[in-house]
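Down below is the structure, laid out as structure tokens.
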Amino acid sequence: QVQLVESGGGLVQAGGSLRLSCAASGRTFESYIMGWFRQAPGKEREFVAAISRSNFGTRYADSVKGRFTISRDNAKNTVYLQMNVLKPEDTAVYYCAATRSITIATTVYNYWGQGTQVTVSS
């Protein structure tokens, strides 16, 4: 089992940047594929990005490709989401998640953080 705590959200103007962090508890962080999701008001939660365990393969939603970068530091039990060129439509609660799936194409995540709010003003 793993506990996840996100940080780094806030208010930023359009075109700006933020870096989200997700700290994981436990000694098996490297055994999980990690992902970021987001949920905007009145909308369903959607996939943003995922990163594999050790070779750091990545996958992104089309809406964030070229603007967001997911990374991880297994020594620090932390996964990051660098968000650049932010748009008002990126406004959402961002969630970190972990899965033991064998592929980053999975849509099934077993563990979730509490979320951190990102607000992009126009």
Side-chain angles (χ1 to χ4, degrees):
Q1 193 169 359
V2 61
Q3 285 78 46
L4 306 171
V5 179
E6 303 96 335
S7 62
L11 173 64
V12 64
Q13 288 188 333
S17 298
L18 280 175
R19 188 175 82 154
L20 305 183
S21 299
C22 173
S25 66
R27 294 176 290 179
T28 59
F29 175 73
E30 63 274 12
S31 69
Y32 293 94
I33 289 172
M34 300 300 297
W36 286 97
F37 291 75
R38 66 186 182 186
Q39 187 167 20
K43 295 187 177 181
E44 293 188 354
R45 186 165 57 192
E46 65 175 359
F47 169 79
V48 175
I51 187 166
S52 65
R53 292 174 178 83
S54 58
N55 66 6
F56 296 177
T58 57
R59 183 170 75 96
Y60 295 94
D62 288 343
S63 58
V64 306
K65 279 181 182 177
R67 299 188 298 122
F68 290 13
T69 302
I70 188 171
S71 61
R72 67 189 295 164
D73 185 337
N74 286 344
K76 295 183 178 180
N77 282 14
T78 303
V79 62
Y80 305 97
L81 186 68
Q82 178 66 44
M83 306 186 294
N84 298 328
V85 195
L86 282 161
K87 304 175 181 179
E89 51 263 44
D90 294 318
T91 294
V93 177
Y94 283 71
Y95 297 91
C96 172
T99 178
R100 289 192 179 273
S101 175
I102 62 173
T103 170
I104 61 172
T106 185
T107 59
V108 179
Y109 281 74
N110 311 105
Y111 305 102
W112 295 85
Q114 294 298 310
T116 185
Q117 176 71 47
V118 171
T119 303
V120 184
S121 63
S122 56

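By convention here, the first residue in the shown sequence is residue 1. Source: prediction; values computed, not measured.
- Residues Val12 and Leu20 share a single hydrophobic cluster, defined by chaining ILVMFWY side chains whose heavy atoms lie under 4.5 Å apart.
- Proximity of a side-chain donor or acceptor of Thr91 to a complementary backbone N or O of Val120 within less than 3.5 Å is detected.
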Derivation and outcome, side chain to side chain contact (heavy atoms under 4.5 Å, CB included), residues Asn110 and Tyr32: CA-CA 10 Å; Asn110 311 105; Tyr32 293 94; 5.8 Å; no
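- Put simply, CG on Asn74 and OG on Ser31 are 9.5 Å apart, with the number rounded to the nearest 0.5 Å.
- Distance check, rounded to the nearest 0.5 Å: CZ of Phe68 to OG1 of Thr58 gives 14.0 Å.
- Under the salt bridge (charged side-chain N to carboxylate O under 4.0 Å, His left out) criterion, the residue pairs touching residues 33-49 are Arg38-Glu46, Arg38-Asp90, with sequence neighbours excluded.
- The minimum heavy-atom distance between Lys76 and Thr78, with the atom names listed, is O-OG1, 2.8 Å.
- For Glu30, the CD atom is densely surrounded, since the number of other residues' heavy atoms within 6.0 Å is greater than 12.
- Proximity of a side-chain donor or acceptor of Glu6 to a complementary backbone N or O of Gln114 within less than 3.5 Å is detected.
- Without hydrogens or angle criteria, Asn77 side chain to Gly26 main chain gives a donor-acceptor distance under 3.5 Å.
- Ile104 and Phe29 end up in different hydrophobic clusters when Ile, Leu, Val, Met, Phe, Trp and Tyr side chains are linked at under 4.5 Å.
- Atoms CD1 and CH2, from Ile51 and Trp36 in turn, are 12.0 Å apart once rounded to the nearest 0.5 Å.
- When side chains are defined from C-beta on, Leu4 does not count as touching Tyr95, because their heavy atoms never get closer than 4.5 Å.
- Under the 4.5 Å side-chain heavy-atom criterion for ILVMFWY residues, no single connected hydrophobic cluster contains both Tyr60 and Ile33.
- There is no path of hydrophobic side-chain contacts, each under 4.5 Å, that joins Val93 to Val48.
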Determine all donor-acceptor pairs shorter than 3.5 Å in which one atom belongs to a side chain in residues 80-89; sequence neighbours excluded.
| unit_1 | atom_1 | unit_2 | atom_2 | d |
| --- | --- | --- | --- | --- |
| Gln82 | NE2 | Asn84 | OD1 | 2.9 |
| Asn84 | OD1 | Ser17 | OG | 2.9 |

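- Considering only heavy atoms from C-beta on, Val2 stays 4.5 Å or farther from Thr28 through its side chain.
- A disulfide bond (SG atoms under 2.5 Å apart) check over residues 62-122, counting only residues at least two apart or in different chains, returns the pairs Cys22-Cys96.
- Side-chain N or O atoms of Thr99 include one that pairs as donor or acceptor with a backbone N or O of Val108 at under 3.5 Å.
- Summarising the geometry of Gln3 relative to Ser25, their closest heavy-atom pair is OE1-OG, 2.7 Å, with the distance given to 0.1 Å.
- Atom CZ in Arg59 sits 8.0 Å away from atom OG1 in Thr106 (nearest 0.5 Å).
- Using cut-offs of 30° and 60° on the angle between ring planes, the pair Phe37 and Tyr109 is perpendicular.
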